[in-house]
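Below: one structure, written as structure tokens.
Computed from heavy atoms alone, side chains included, the values below leave out hydrogens, waters and symmetry copies. All figures in this text were calculated on a predicted structure; none of them were measured in a lab. Note that ligands are numbered from 1 as they come in the structure, with each ligand's atoms numbered from 1 the same way.
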Amino acid sequence: MFKHTISELKEAMVCLEAGQVTLGYPFVPHAPDANFRGKVKVDTRKCMGCGACANACPSGLIMMNDGPKERNFLFELGRCTYCAACRDACPQEAIVLTPQFELATPDTHDLRFRMTFRLTRCIECGQPINTERVVNVARERLIHEGHEHAWLDVCPSCRRKTAAQAHSHEAEAIA
Ligand code: SF4
Ligand code: SF4
């Protein structure tokens, strides 16, 4: 018993000498370190609606749906594991994982985020192709590199049909 009390007293002395070793949070604000991965945020000015983040998210929380005129995104951030795969996949560097970590909420709507982008249509068949922003970014790059860009206005299916027709005309001309 006496031996036990001595050991406890020694432990108490060690603790007193060490001073405060725990964080003051939540009584004082806590600033996470620079590499902390908190709430996902999308910069909608940079985002072009390509969907690379939706394909990369292992939690499947970034849902992308194409309607007749628009592409819609829904982020269900309540299921986020803060892995940063979406950030790493984004070609526009539009996603950041902010220092925000106090995310508890009684309303799941608080952790939902939506974006909508207009779609371009194939000039031949009228089917949706991609978002206007994706097409514009691709066009700018092609123009900058001195390449042809009119094909961006035609859907892959119509491009294949045109290529097959051209091929068959060539074959007829040779025969
Ligand atoms: S951080 Fe990970 S889990 Fe969260 S949205 Fe991005 S890819 Fe999905
Ligand atoms: S990967 Fe980037 S640019 Fe593409 S939809 Fe996601 S946030 Fe937008």
(request) With atom 8 (Fe) of ligand 2 as the centre, enumerate protein N/O/S atoms below 2.8 Å in chain and residue order. (result)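 For atom 8 (Fe) of ligand 2, the protein N, O and S atoms that sit under 2.8 Å away are Cys47 SG.
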Find the distance between [atom1] ([X]) and [atom2] ([Y]) and round it off to the nearest 0.5 Å.
X	Y	atom1	atom2	answer
Arg118	Arg71	CZ	CZ	14.0 Å
His109	Arg114	NE2	CZ	7.0 Å
Thr131	Phe73	OG1	CZ	7.5 Å
Arg121	Glu132	CZ	CD	11.0 Å

(request) Indicate whether the side chain of His144 and that of Arg141 have a donor and an acceptor atom separated by less than 3.5 Å. (result) no
(message) Strictly under 2.8 Å of atom 2 (Fe) of ligand 1: which protein N/O/S atoms qualify?
(response) Cys83 SG
(request) Please say whether more than 12 non-hydrogen atoms of neighbouring residues, nucleotides or ligands are located less than 6.0 Å from OH in Tyr25. (result)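 For Tyr25, atom OH is crowded (more than 12 foreign heavy atoms under 6.0 Å).
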(message) Does any part of the side chain of Leu61, heavy atoms only, come nearer than 4.5 Å to the side chain of Leu77, both counted from C-beta?
(response) yes
(request) Identify the heavy atoms of Ala52 and Ala89 that sit nearest to each other, and give their distance. (result)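 In this case the closest contact between Ala52 and Ala89 is CB-O, 3.8 Å.
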(message) Pair Lys10, Ile6 - check side-chain contact (heavy atoms from CB on, under 4.5 Å), show working.
(response) CA-CA 6 Å; Lys10 274 188 191 164; Ile6 295 281; 4.3 Å; yes
